[in-house]
Amino acid sequence: MIDKDMPVLTMKIVNQLTHLSARQIRYYEANELISPSRSEGGQRLYSIHDVELIGQVKLLIEKGFNMKKIKEELDRLNRSAQKSADETSPQYIEEDFSTNYIKKVLSGESREIPLTRGDLSRFYKQKK
DNA sequence: ATTCTCACA
DNA sequence: TGTGAGGA
């Protein structure tokens, strides 16, 4: 199982997953919209959860929201969705399709990854 | 080969 | 937001 909060994705992978530039992704971080961890060498390591967040940010930007508004919106969505998530155990990705998919990405076996936010969400399952 | 920070002829 | 410099 891969925990959704495990920091295992490099910038390159996230670029492919989100179709966003490293510049844009770092900019989101500068505005406290995401909080990737760092490797010993200082490289950012993103979790699946981070990627989902980035996808939401991308959508809101396309709707014309500025960074301040997006942060407020994200916080609001988080608070309402967190109440139910807090009581449950950590979320996991299904061991079959999504895990194999992630492994392909991590191994570099899969180069082009035309995924949209909507596509990505289908890889996850809420564990109750 | 990748990513990081900083700064803008 | 892009991009080049300079370093890890």
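Note that these values count all heavy atoms, side chains included, but never hydrogens, waters or copies made by symmetry. Residue numbering restarts at 1 for every chain, and letters A, B, ... go by the order of the sequence lines.
- Nucleotide C:dT1: unpaired (no Watson-Crick or G-U wobble partner with both distances less than 3.5 Å).
- If you measure from atom CD of A:Gln43 to atom P of C:dG7, you get 18 Å, rounded to the nearest angstrom.
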Please list, pair by pair, any protein nitrogen or oxygen found under 3.5 Å from a nitrogen or oxygen in nucleotides 5-9 of chain B.
from, atom 1, to, atom 2, distance (Å)
B:dT5, OP1, A:Arg38, NH1, 3.3
B:dT5, OP1, A:Arg38, NH2, 3.0
B:dT5, OP2, A:Arg44, NH2, 2.1

Can you check side-chain contact (heavy atoms from CB on, under 4.5 Å) on A:Leu53 and A:Tyr28, steps first, answer last? CA-CA 10 Å; A:Leu53 244 30; A:Tyr28 298 172; over 6 Å; no
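- A distance of 11.5 Å separates CG in A:Asp75 from CD1 in A:Ile70, rounded to the nearest 0.5 Å.
- Nucleotide B:dA1: unpaired (no Watson-Crick or G-U wobble partner with both distances less than 3.5 Å).
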Assess whether salt bridge (Lys or Arg N to Asp or Glu O under 4.0 Å) is satisfied between A:Arg26 and A:Glu29, documenting all intermediate values. CA-CA 5 Å; A:Arg26 294 188 193 110; A:Glu29 180 183 349; over 6 Å; no
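- What separates CG of A:Leu45 from P of B:dT2 is a distance of 16 Å, to the nearest Å.
- Counting only distance, with no hydrogens or angles, the side chain of A:Lys58 and the backbone of A:Leu20 share no donor-acceptor pair below 3.5 Å.
- Under a 3.5 Å cut-off, the side chain of A:Asn31 and the backbone N or O of A:Leu33 do not form any donor-acceptor pair.
- Rounded to whole angstrom, the span from the CG atom of A:Asn15 across to the P atom of C:dT1 amounts to 13 Å.
- Going from atom NZ of A:Lys12 over to atom P of B:dT3 covers 6 Å, rounded to whole Å.
- Mapped onto DNA chain C by nearest heavy atom, A:Gly41 and A:Gln24 fall at different nucleotides, with A:Gln24 at the one closer to the 5' end.
- Only the P atoms considered, B:dT2 is 22 Å distant from C:dG6, to the nearest whole Å.
- Listed pair A:Ser21 / C:dG2 meets the phosphate criterion, a side-chain N or O lying under 4.0 Å from OP1 or OP2.
- In A:Tyr27, the OH atom is not crowded: 12 or fewer heavy atoms of neighbouring residues, nucleotides or ligands sit closer than 6.0 Å.
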